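Some notes on the structure that comes next.
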Amino acid sequence: MDDLRDKYLTAIADAAGESALEDLRLAAVGKKGEISLKMRELGKMSPEERQVMGPKLNALKDEINSALAAKKQALSDAALDERLRTEWLDVTLPARPQRQGSIHPVSQVTEEVTAIFADMGFAVAEGPQVESDWHNFDALNIPGHHPARAEMDTFYMHRAEGDERPPHVLRTHTSPVQIRSMELSGAPLRVICPGRVYRADYDQTHTPMFHQVEGLAIDKDISMANLKWVLEEFVKAFFEVDEVELRFRASHFPFTEPSAEVDIRCSWEGGTLKVGEGDDWLEILGSGMVHPKVLMAGNIDPAAWQGFAFGVGIDRIAMLKYGIPDLRAFFDSDLRWLRHYGFAALDVPTIRGGLSR
Ligand code: PHE
């Protein structure tokens, strides 16, 4: 019995790892272990012998089991110490100053525009990018034969063989969200609708997908004067200048009457754009008073309500404000470009905290 005890206690003390320890447990106190076999022999002993050997064997079994448990604990403590030694991390180190990711100029400018219009009481509305032909065209007073449909280089969705309904389109502008907002909320209404739009066009200033923000205000006694004030406030706030000169040029859109395209005074001296000075004019948006037919399409009575609307190219004003020369690079996902033109995350634009820094 003493030999067994010495043999196992020494082996347990020397065990190199948990699997060696498990082998020892099986060899000593497992079902067919040496001590278990000895215990089975108790049955063949005389009652006197059994009275001596029984407690001794039980005590030995207990001693080996607790040696096994203690060793197991020691081994797992050692394993943990080893992990802590190799996997340590100093959480008191300051954060890495190097920027890991950045906010795309389109996201930045969308946030800036949203902050400016939120300050003037405009809510944000959204609509689908795959739009019904009716919302994108007819409801906006662009009937089937209208040349504006061809001019827009529309992408049409696939239509099943034999389906006579007009195919859905990738929306060519954010104006259909005007209709959806009217349908949803009725008048009065004050919304901006930022989002992606699509036209089949590709060069230095055109990409097949780009971004617009639509504005729509409907109320009683709204006029061009309100439109002009809102746009001037917007342009000043966006370009972060005190004064800016706008030029309202008579234009035509089927969904507004009268219509105006808006240019801002700027200079290109030395190749960089300066807003508010110089002799050049730069077109930045289309606008006008909402056409009565458009109000009717949105279930709003044109005898009681008027409104103004405008559409701005987000990518375009991003290029202007941040001096980005080629629109195509916006959508190349080139990390060098994003690091150069991107904005720090968590630097949320607000009117009072500053828009762009
Ligand atoms: N939807 C027009 C465009 O994409 C812009 C616009 C919007 C013009 C609202 C007038 C009013 O060119």
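As the structure is a prediction and not an experimental result, all values here were calculated from the model. The analysis underlying the following values was restricted to heavy atoms, covering all of them including side chains, and did not include hydrogens, waters or symmetry mates. Remember, it's 1-based here, ligands and their atoms both numbered in the order they're listed.
- The neighbour count for R5 CZ, taken as heavy atoms of other residues, nucleotides or ligands under 6.0 Å away, does not exceed 12.
- For ligand 1, the 4.0 Å heavy-atom shell contains residues H173, S175, Q178, R199, Q212, E214, F253, F255, T256, G286, S287, A309, F310, G311.
- Using a 4.0 Å cut-off between a side-chain N of Lys or Arg and a carboxylate O of Asp or Glu, K228 and E232 qualify as a salt bridge.
- Using a 4.5 Å heavy-atom cutoff, the side chains of F122 and V191 are not in contact.
- At a threshold of 4.0 Å, the pair E131-R180 counts as salt-bridged, since one of the basic side-chain nitrogens sits closer than that to a carboxylate oxygen.
- Classification of R316 and E283 as a salt-bridged pair fails, no side-chain N sitting under 4.0 Å from a carboxylate O.
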Please list every donor-acceptor pair under 3.5 Å in which a side-chain atom of residues 12-30 meets a protein atom from a residue at least two apart or in another chain.
{"unit_1": "E22", "atom_1": "OE1", "unit_2": "R25", "atom_2": "NE", "d": "3.1"}
{"unit_1": "E22", "atom_1": "OE2", "unit_2": "R25", "atom_2": "NH2", "d": "3.0"}

